[in-house]
Amino acid sequence: MYDIIFIGGGLNYAGAIVAAKKGKKVALIEKDMRQLGGVCLHKGCIPSKMFLHYANVVYESKSDILEGQTALSMQKLFGKKTKLIENAWQAIKKQCSHVDLIEGEAQLKEPHKVEVNGKTLDAEYIIMGTGSSAFIPEGIEYNAKDIIVSDEVLMMQELPKKIAIYGSGAIGLEMASFFASSGVAVTLIYREKSIQKRANPLIQTVLKEQLEKIGVTLLSEHSIKTAKSTKKGVHITFEDKSSIYMPLLLVAAGRRPNVDFLTCKEIKVEKGIVTDRLFETTLSKHYAIGDCNGKLQLAHAARAEVLNVIERILGNNPRPLNLDHVVKFIHTLPMSYAVVGKTEGVKSSIVPLSHFPYSAYNHAIKGVMITYADQEGFILGAEILAPNAEELVAIVGMSLAGEMDGAQAKRTVFGHPTFSEALERTFFKL
């Protein structure tokens, strides 16, 4: 009998480590223990950001004040990525020394009981963190060869000369930035009229211009009906009956929660496993965190969720997480986009980065920072388009956690020259 069984070895492991250190008897079930750490570590945000880092070096090397040519060696990058992931995996495994790690396919068919490897394990608490998988729209014949998802990109040891990418979400935009900055001819296909339609229109416009500037061909308002591998390449047909051939198609059409392991009738499943604001499912003492609950598909959100659940189980009565305060970002090049909190309010304070000389040599002339506040001046959220926006937006995240108003926020003196001083300027304008 366990105190807690964790199903899924992604960011769930963070909760397992804390619970075990606090004296709980804990088991963590993962179908492939070599994937302990989850998609983010092995096939997602860690390797993809590493790829983008080196692609940005190539982009920077093209400056008119630098001479010579720089090219990305995918073989060397693959080797460096593999070593990084192996070291991180070993570190996580070591931290789990007090956790019973069980490799196998888990099945949750009835309350408090998990079947794995022909055995039934019991626990007072069950925490599900099974993540998500790439969604392949109907009509697209995925084969992991010339019709691929991001998993295959991160296993590449040679850059293609040309690629089509379907989808303008985080994965699509980041992969378009990576390939284009590395010298690959990229066609980005997406269904909507605009890129990131929830973003401020100023940011939508600049994101589009930025992609075009690094060499991405944009094919908006195009929905793929079929995509098949042929001798001439991938034959892509659209809803309007037009078609193109491309040597390689990367499908980045979103991700779907992994819920096939769950057949317990007491636990409701809709788009994901249904939970309340405390991440408890429709069955008491059974929780779902991360991608599988369909709330936020972000590794840092999953980690925060599982740690919040563990604190609750330990009796520490933590404050419920406000998922609106979780930072979201897309690592495009050369400027990335980040957002936190609400992006509608009584007041909006907009500061273009062109007002700051620092932007001139950081490819950020068209960058922008926008802070939102309510009628009383309390900060509600922010949107940032700038180099390393994902780091800068944390300042606003802390402002939200501290329930600060503009008057409090502007007491901080930011460094000069930095991009953070543009954020400081938004606080003064509230």
Side-chain angles (χ1 to χ4, degrees), residues 169-170 173 192 194-207 275-279 293-305 307-308 318-332 335-356 359 364 366-415 418-430:
L173 294 183
E192 296 81 14
S194 59
I195 290 174
Q196 287 299 301
K197 62 183 179 180
R198 294 181 181 176
N200 184 286
L202 285 172
I203 290 175
Q204 290 181 35
T205 299
V206 179
L207 271 175
T275 72
D276 60 17
R277 63 198 295 257
L278 306 178
F279 312 108
N293 66 25
K295 296 182 187 294
L296 277 180
Q297 293 184 347
L298 298 166
H300 49 285
R303 184 178 185 275
E305 289 172 20
L307 293 178
N308 191 267
R319 291 178 65 176
L321 280 180
N322 186 338
L323 295 182
D324 286 340
H325 292 178
V326 175
V327 167
K328 309 170 191 71
F329 68 93
I330 303 175
H331 197 138
T332 44
M335 295 188 291
S336 53
Y337 168 64
V339 59
V340 67
K342 296 179 180 178
T343 55
E344 293 180 356
V346 174
K347 302 177 184 178
S348 64
S349 175
I350 302 173
V351 174
L353 297 187
S354 59
H355 292 180
F356 302 85
S359 66
K366 293 191 174 181
V368 64
M369 297 202 183
I370 309 171
T371 300
Y372 300 89
D374 65 14
Q375 195 166 9
E376 296 178 339
F378 283 93
I379 295 170
L380 297 176
E383 291 182 272
I384 297 174
L385 184 65
N388 302 310
E390 63 278 6
E391 302 282 358
L392 293 161
V393 78
I395 297 168
V396 183
M398 291 187 70
S399 300
L400 294 173
E403 300 179 349
M404 298 172 70
D405 62 13
Q408 291 172 307
K410 67 185 181 184
R411 291 175 190 166
T412 303
V413 179
F414 292 81
T418 65
F419 287 118
S420 64
E421 64 180 324
L423 189 58
E424 177 188 37
R425 191 77 59 86
T426 68
F427 297 150
F428 273 89
K429 291 181 67 177
L430 285 175

Could you walk me through whether Arg198 and Val339 satisfy the side-chain contact (heavy atoms from CB on, under 4.5 Å) test, starting with their C-alpha distance in whole Å, then the side-chain angles of each, then the deciding distance to 0.1 Å, before giving a yes or no?
CA-CA 10 Å; Arg198 294 181 181 176; Val339 59; over 6 Å; no
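A distance-only check finds a donor-acceptor pair linking the side chain of Ser399 to the backbone of Ile395 [under 3.5 Å]. Between the side chain of Glu305 and the backbone N or O of Phe279 there is no donor-acceptor pair closer than 3.5 Å. Between the His325 side chain and the Ala401 main chain, no donor and acceptor come within less than 3.5 Å of each other. Judged by distance alone, with hydrogens and angles left aside, the side-chain atoms of Asn388 form no donor-acceptor pair with the main-chain N or O of Ser336 at under 3.5 Å.
Smallest separation of non-hydrogen atoms from Gly406 and Ile379: N-CG1, 4.3 Å. Nearest approach of Met335 to Leu385, heavy atoms of both residues: SD-O, 3.9 Å. Closest approach of Thr426 and Val351 over heavy atoms only: CG2-CG2, 3.5 Å. The shortest non-hydrogen separation linking Gly345 to Tyr372 is N-CD2, 4.3 Å. In terms of heavy-atom proximity, Phe356 sits nearest to Ser359 at O-OG, 2.8 Å. Of all the heavy atoms in Gly381 and Leu400, the pair that sits closest is N-CD2, 4.0 Å.
Across Leu353, Ile203, Val206, a single residue satisfies side-chain contact (heavy atoms from CB on, under 4.5 Å) together with Val368, and that is Ile203. Remark: of the listed residues Thr332, Leu202, Ile330, Thr332 is the sole one forming a side-chain contact (heavy atoms from CB on, under 4.5 Å) with Leu207.
Here CD of Glu383 is found 3.5 Å from OH of Tyr337. Values are rounded to the nearest 0.5 Å. Between the CE atom in Met404 and the CE atom in Met398 there is a gap of 8.5 Å [rounded to 0.5 Å]. Distance check, rounded to the nearest 0.5 Å: CE of Met369 to CG of Asn200 gives 14.0 Å. How far NZ of Lys347 is from OG1 of Thr371: 12.5 Å, rounded to the nearest 0.5 Å.
Within a 6.0 Å sphere centred on NZ of Lys328, heavy atoms belonging to other residues, nucleotides or ligands number more than 12.
Ring geometry, Phe414 versus Phe427: the interplanar angle falls from 30° to 60°, so the pair is classed tilted.
Considering only heavy atoms from C-beta on, Glu376 stays 4.5 Å or farther from Asp405 through its side chain.
A donor and an acceptor atom, one from each side chain of Ser194 and Gln204, are located under 3.5 Å apart.
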